[in-house]
Structures are given as structure tokens and as C-alpha cells.
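Written below as C-alpha cells is the structure these notes are about.
Quick caveat: nothing in here was measured; it's all calculated off a predicted structure. Start at 1 with the first residue, then count along the sequence.
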Amino acid sequence: MVGPIVAVLSVLVLLGGSQVRAVEMPKIDGLTPGGRFEYRLLLDDQSNPYTRNAATHSATDRSRLMLDLKALGSRYGDLYLKGAAAWGLVDADETQRRFRFEQGDYLWKQEFERFGYSLRFFANERRFFVSDLAAPLIDDDRAGETGANRGVRFEAATQNGWSFSGIHSFLGDDFDDSRNVSYLRAAFSHRLASLSASYLFDDPGVRGERNRAIVKAELVTGYKNVFAVLAYEQSGMRDSGWFFPNGSWNWSDYNGSNFSRVLPPGGAAVAELRLTSLRWKDVGRFRVVWSYEAIREEFVNDLGLGGSSRVGHNAGAYFVADKVSLNGKVRYHTSTRFGPESEELDFVDASVWAALKNNIECFLRAGVGKIDDAFVFDTKENFVHTALEYRVKKFRTGAHIMWKDLDTVFSEKRFAWDGKLAINPDWGFHWRFILRRDFQIGQSACLRLQFRPNDRVFAYVGYGRAYFGDDPFVLEDRDIGLTRAGAAQWVIALRGDF
């Protein structure tokens, strides 16, 4: 285990002792090749924590070579292609190497005096931008999470404010069996408001029996410091081809409190109101946000607005001071969820952040909430989270403490200490220690020595958990995981762009 670490450290020292030049690939008749090489080695002292393998050592090589080809701004359009070679372990004595196509994109666009249009063919697209401001029919992360999709996209816009979009994509590799979606949108924009109508047809392929269709209307308007969005969606499911979902509103069921009863069973309504840049003399600026959602029990859209049927309000006030480094916010959320697992939630949280003249930053966050559901114990979302951070020249460190689930049987305390030391412009050292204490003790520790001589070379050697975390509130990062068992890892990584 020590050998590879010493070898990589030696390479880093040699790189740090000499000038590292960024390698740039030349252009070839309008084509720009490029790539990235990644070497990532995980050394786990207990990869198989069973009795007979308690002292097993395991090395996992996750090397990867990415090659791409660009032809941007040419008279034939814009082209981007990317492929990658990966190394993976089949068993203890065999390594699998394969090169596969990862992403492709070809764009042809034309601009005329009164209108313009574009046509895009894509493969393995990670983003499906549909320009919705509330409750999108197609959410970027959900549509692109499969990593294997093929499709075409059409865009057009006129000088008098009209715009049109169309997408057809297979969310899988097999055109005959994969799920496929078709999306159409038309919008008209004026200086005071924008109105759009969109349609989504979702064919589940071999994974489901019935097709789904969703229609949406959205109104966006703004005047001076006031901004508002109102959107309505309706879904339906049938065995046939293209269709429009139907349903009627029933105002006779509205009792003044539960607006969702007005909507048809497959309906969903979302509204948002923002008041921005509200001045308070010379003290600072306020921003007030209120949002509302009402979703009925038969509304289904796992590519956009998902979740069970519910009615809820969110209200928040945000403040930024003018003359001192101080900001704060107060938010309130209340919702009622219907269905097999009904619940009622009331939650309020507040926070304040300040930067002092002695290079100290601090914040205090607190929340109080209660969930009434079918469980024996009522769930309480009570917490207090505070932190103190000190910065001076090349050094930064911070201490965090959090009391979570206060006044419940699940009450726990969390502690963290993290920081960074910039040894010189090329070298940096990071550390992060997290401790949780409830009925048992959980911990997560990370140490990392990083080397970045320029924008194209990055390397590090780390010890601890494989994931360092990226949440601004480290004690609330859900991806870290304070495990109570399992061995720490050595991580050796080298990345170069060319």
C-alpha cells in the first residue's frame, strides 16, 4: 500500500519543482481535439469486512481517458464528440478495458432579419433546458440521469416575441424498447408579461403499459419590484397514442382553505410571488418570496413536478445590510400531504451570518418544526447549527456544532472541524473531521494534499472517506454519511487536461 503512495508523491514533488507547461492540442482544419486523463486509485484496508477477510487489502484502479473533438463556429454548424476509455476490475486477476462513446452534439442554426431557428441532434445529453420558470415539465437532472439518450431538438424565435421549442428523445439505447418523450412549447413574450403553453407525451416503452400526457400553461409577469409566476399542469394516462388529458374544475368544493379540491384529480397548480430590492432607509435591502403548490392525487410527472398529492405554502424574508457584512433570513413552510401516508408539516427556520473585522466569520441557524403522521412518535424538525470560521492570509479553519432533532428520541449532536492551508500557490492541504453522537458514535474523517500548478493539471493524495463533501453547511451534507463501520481509504488521484 505504501509503494503507490510514495510513487505518486515523488511525481508530485518533481512536478512542483519544475515549471509545468499546459499542453494544448493544435487545431486541424477547424477541428480542435482535446481530452482528459484521470488516474484514481483507492486503497481499502478492509474491502471485504468478513471474519475470514478482516485483514484483506484491496486496490481499485479507476483510471479513465477521455478524448473529445470540437468544431465550433464553422459554416457547417457546431460539432462536439466525446468518448472515454475506462479501466475496471472484473476479478482479482483480470482488468477490463473498454472505450465507449459518451456524448455527442451537432447544432445547425440560422439567423435572419425577422426570425431565427436551430436544429440540434444529441446523444447522452445531460441537460434538457425548456425555459420553464416554475414546475417544469422536463427537469434537467431527472431527464438526463439515465446517461443514455438519443434525440433531436428544434428551436425557433421571431422578432415580435414568439418562440417555439420541440424535443423528441429516447431515454435509453434501444429505440424499440426504451422510454421516449416528446415535448412541445410555444411562448409569447411582452415587456409586461410572458405566456407559454407546453405539452409532454411520455411513452414508457417496455417498462409500462399506459402512455402519459401532460399539458401546462404558465404566466410570468413583473413590474418594478414585483415578480409573479402562475402555472397549471394536468396529466392523464391512456393506452392510446397522442392525446390531451381532460378534466374539469369544480368550484363548488372550494371551502376557502383547500384550493386543491377545485382542481381535477390529475391537476396541479403552482404560484410564486417575489418582492425584490425593498429598501429600509440606509440599513439594507429586503427580499420577500411566497410560493404555493396544490397537487391532486392522480397527477403524475416523474420528469418534472413529482411527489405525492399535497397542498403547501412557503414564505421567506431575506435581508442584506448595506454598511456592514451582515445578512439573514426567515422562512416558513406549511404543507399537508394526502394519500396512503398522509402527514401535516409546519416548519420555520432562521439564520444570520456576519463577518467581523478580525477575520472571523460566524453564522447561527435554527429551526423548529413538527410533522404529524401515522407513526407513534411525532417527528420534530428542531435543530440549532452554529459555526465560527477564521481566515488569515493562507490559512482558513472553522468549527461547527449542531444539535439535531431536539426534544425527540432521535436527538443527536454533531461536531466538525475543517480547514485549508495554502502552502504555496501550487500546494494546498485540506482536512475535515466530523463526529456524530446519539445512541452510538459515527464519524467521518478526510485528509487531502492537493497540487494544482495550472488550470490543466490537478492531483491529490487523500485519506479517509472517498467523498469529501460539498455542502456549504458541512454538518447537513447528506452525501457524506457518518458511517459507524467500514475502513478508511487512501485515495490517489491525478487529472490532466490537454
Side-chain angles (χ1 to χ4, degrees), residues 128 130 132-139 141-143 167 171 179-187 195-220 228-273 290-314 333-346 371-375:
F128 289 72
V130 294
D132 287 328
L133 295 180
L137 286 185
I138 298 181
D139 181 81
D141 293 333
R142 295 180 185 178
I167 300 174
L171 302 183
R179 178 183 184 181
N180 65 89
V181 296
S182 300
Y183 170 85
L184 300 172
R185 181 177 185 266
L195 179 63
S196 66
S198 48
Y199 173 83
L200 175 67
F201 181 79
D202 188 348
D203 183 345
V206 297
R207 298 192 304 169
E209 297 179 357
R210 294 188 296 172
N211 298 328
R212 180 171 65 239
I214 307 171
V215 293
K216 178 189 174 185
E218 181 179 82
L219 175 65
V220 181
V229 179
L230 180 62
Y232 173 73
E233 299 183 23
Q234 187 168 310
S235 69
M237 303 186 74
R238 292 184 189 175
D239 297 327
S240 61
W242 284 51
F243 67 95
F244 284 88
N246 52 24
S248 59
W249 291 37
N250 187 2
W251 290 98
S252 62
D253 287 346
Y254 183 54
N255 59 10
S257 60
N258 190 351
F259 175 74
S260 68
R261 296 184 181 276
V262 177
L263 307 178
V270 178
E272 184 174 297
L273 179 66
W290 169 82
S291 62
Y292 172 80
E293 62 179 5
I295 303 174
R296 289 297 300 270
E297 61 276 4
E298 294 183 11
F299 178 82
V300 178
N301 182 15
D302 59 355
L303 289 178
L305 183 64
S308 61
S309 59
R310 61 193 182 272
V311 176
H313 296 264
N314 286 280
H333 173 75
T334 178
S335 65
T336 301
R337 188 176 69 182
F338 309 102
E341 297 181 359
S342 60
E343 68 174 26
E344 294 183 2
L345 167 65
D346 282 284
I371 301 176
D372 292 327
D373 49 31
F375 292 98

[Y] side chain reached by [X] side chain, heavy atoms, under 4.5 Å:
X	Y	value
R296	V311	no
N180	L171	no
V215	E233	no
E297	P265	yes
E218	L133	yes
N301	L137	yes
L200	L184	no
R185	S196	yes

Practice item. Begin from the C-alpha positions of H333 and H313 and carry the test side-chain contact (heavy atoms from CB on, under 4.5 Å) through to its verdict. Key: CA-CA 6 Å; H333 173 75; H313 296 264; over 6 Å; no

Roughly how far apart are [X] [atom1] and [Y] [atom2], rounded to 0.5 Å?
X	Y	atom1	atom2	answer
D239	R210	CG	CZ	7.0 Å
D302	D202	CG	CG	6.5 Å
Q234	W249	CD	CH2	9.0 Å

*Under the 3.5 angstrom rule, does the side chain of K216 hit a backbone N or O of D132 as a donor-acceptor pair?*
no

Identify the two heavy atoms, one from [X] and one from [Y], that lie closest to each other, and give their separation to 0.1 Å.
X	Y	answer
S240	N211	O-ND2, 2.7 Å
F299	I214	CE1-CG2, 4.4 Å
S308	R337	OG-CD, 2.7 Å
E293	L305	OE1-CD1, 4.3 Å
S235	P245	C-CB, 3.6 Å
I138	V130	O-CG2, 3.7 Å

* Can you check whether Y183 and F128 have ring centres sitting under 6.0 Å from each other? -> no

* To do: Step by step, work out the side-chain contact (heavy atoms from CB on, under 4.5 Å) result for V181 and I167.
  => CA-CA 8 Å; V181 296; I167 300 174; 5.7 Å; no

Would you say that more than 12 heavy atoms from the other residues, nucleotides or ligands in this model lie under 6.0 Å from the CZ of R261, or not? no

Which of L263, L219, V270 passes side-chain contact (heavy atoms from CB on, under 4.5 Å) with Y232? It is L263

Any ion pair linking D203 and R179 (charged N to carboxylate O, less than 4.0 Å)? no

Once the angle between the rings of W290 and Y292 is folded into 0 to 90°, is it parallel (under 30°), tilted (30 to 60°) or perpendicular (over 60°)? parallel

query = Run the side-chain contact (heavy atoms from CB on, under 4.5 Å) check on W242 and S182 step by step: do they pass?
reply = CA-CA 10 Å; W242 284 51; S182 300; 3.7 Å; yes

